[in-house]
Number of protein chains: 2
Amino acid sequence: MTARSTLNDQAAVTETTELPAVKSSSFRSTAEEHRDDIYNSLFDYFRNYTKLPLSPFDQRLIRDAFKLKKLRRRQFLVQEGDVCKYICFVVCGALRIYSVNERGQEAVVAFALEGKWMSDWESVVTQTPSRYHIDAVEHSEILQISPAELHALEAKIPAIDEFLRLEQRLVAVTTQKRIHTAISMNAEERYQDLLENHPEYFQRFSQNMIASYLGIKPETLSRLRKR
Amino acid sequence: MTARSTLNDQAAVTETTELPAVKSSSFRSTAEEHRDDIYNSLFDYFRNYTKLPLSPFDQRLIRDAFKLKKLRRRQFLVQEGDVCKYICFVVCGALRIYSVNERGQEAVVAFALEGKWMSDWESVVTQTPSRYHIDAVEHSEILQISPAELHALEAKIPAIDEFLRLEQRLVAVTTQKRIHTAISMNAEERYQDLLENHPEYFQRFSQNMIASYLGIKPETLSRLRKR
DNA sequence: TTCATTTTTTGATAAAAGTCAAAATATGGC
DNA sequence: GCCATATTTTGACTTTTATCAAAAAATGAA
């Protein structure tokens, strides 16, 4: 394994601290290397996404703007009533955003696995208290940035500017699809649709959470699965 | 009535051709004035949205890029299988985007009244055949632009660049809300939610279409309304 | 590994929403 | 304004999904 791990290789990132440094000539600790790996994964992500280069100066700006944060399983990133201050890039792990109604029933609005973004867009854009909770479903490592700092990077770094344009389009496409699924399909069709489009969710999230994401009860999902 | 009509004053726009020119000294036809009104409403829209100016040169670029199109009631703008080539600004009238499944059941993904945008984002971004129909619910006037031309304007006109950034955020906020509504509320709650957030829809769209937008049957909506 | 805790499954029943058919009402194109 | 056409309402009945309770299975922390 090289010091530079890929985004999708979760084990590579999380186990780095347990392995000896590959280069014996290095004076740097494995913790420092792990930190470098994490930022490198973000640089790779932007380069791959945009096909644009990032100068060492750009990388320094990005490194300073994105703050690394570790979340334990079930730890909250945002709780209902908080103003969501950051947009988060998931380096490894899994997050969810969900609401809880008067009866205590949860509704999962979105999941984010490694290489995806998570925020309460409503709260972060309008700087109003969130109606949602965001928490870590697994032990996770994330890179956070405030909207103001992201805006500043956008103005300075062409790759970030391009990334935001491309990402915005992708968001429009995926949300249009999700709305269509929610209003036009019954429980069984929504389940089949999720199986096809996000089989990985079934490996990473509990049936309870999947059911909530589909807008059905866990008992109903269990019965659909029996067929 | 002045030559320059407002966006929301639908009658003002549609009746222009039936009225004598206000300025008797003008050599321009009422049809030409109507055309000017339409583009001016778009310029006003961008200026209001972004609080940035548009130079006469900017206005010329925008005028050349956005093509005016009139749609009769029930006329298709996009049919399933077409590649959606344009992003549309609704000057007056009302459009909807909807799918039709194997059984002929319609599902309305979105409505657009005057001052709103309409496109099949999935098709227009990926240039793949659309899974939806877009048609005019009322006689409508729209301004169309291709994604490539919009991209070119974005690079040349700061107000357009800023508009796209702001609009993207709004889309993220509104779609997150719609997804939450769809998965976490029952039929009655979704109906109440729409009454609060889009009372104007009930004035402009049939119960059939509203029901389809809410993901319920017209009979169910009729029964909810009786309460 | 054990064991307390959480998650999933199963069964019985209730509530919500859909289906089909027909009548009442509204509408828009001439 | 008329009238064919489309839309909305109503009723009887079916299907789907939710609810509640309890058992079975899985999971994770010590």
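Hydrogens, waters and symmetry mates are skipped; everything else that's a heavy atom, side chains included, is used.
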Take atom [atom1] of [X] and atom [atom2] of [N], then tell me their distance rounded to the nearest Å.
X	N	atom1	atom2	answer
A:Arg73	C:dT7	CZ	C1'	11 Å
A:Tyr191	D:dT17	OH	C1'	17 Å
A:His139	D:dG28	NE2	P	15 Å
B:Leu214	D:dT8	CG	P	13 Å

Look at all strands and tell whether B:Arg74 reaches a base, only sugar-phosphate, or nothing, counting heavy atoms closer than 4.0 Å.
-> sugar-phosphate
B:Ile142 pairs by side-chain contact (heavy atoms from CB on, under 4.5 Å) with which of B:Lys67, B:Lys70, B:Lys69?
-> B:Lys69
Among all residues two or more places apart in sequence or in another chain, which pass the ring-ring contact (aromatic ring centres under 6.0 Å, His included) test with A:Phe66?
-> none
Do the ring planes of A:His198 and A:Tyr201 sit parallel (below 30°), tilted (30 to 60°) or perpendicular (above 60°)?
-> parallel
Contacts satisfying side-chain hydrogen bond (donor to acceptor under 3.5 Å, both in side chains) that involve residues 118-127 of chain B (not counting sequence neighbours) are A:Gln176-B:Asp120, B:Asp120-B:Ser130, B:Glu122-B:Arg131, B:Thr126-B:Thr128
Working for salt bridge (charged side-chain N to carboxylate O under 4.0 Å, His left out), residues A:Arg190 and A:Asp193 = CA-CA 5 Å; A:Arg190 297 202 297 277; A:Asp193 184 74; over 6 Å; no
Ring-face cation of A:Arg96 near A:Tyr213 (centre distance under 6.0 Å, axis angle within 45°) | no
Its contact letters, B for base, S for sugar-phosphate only and - for none at protein heavy atoms under 4.0 Å, make nucleotides 8-21 of chain C read SBBBB----SSBB-
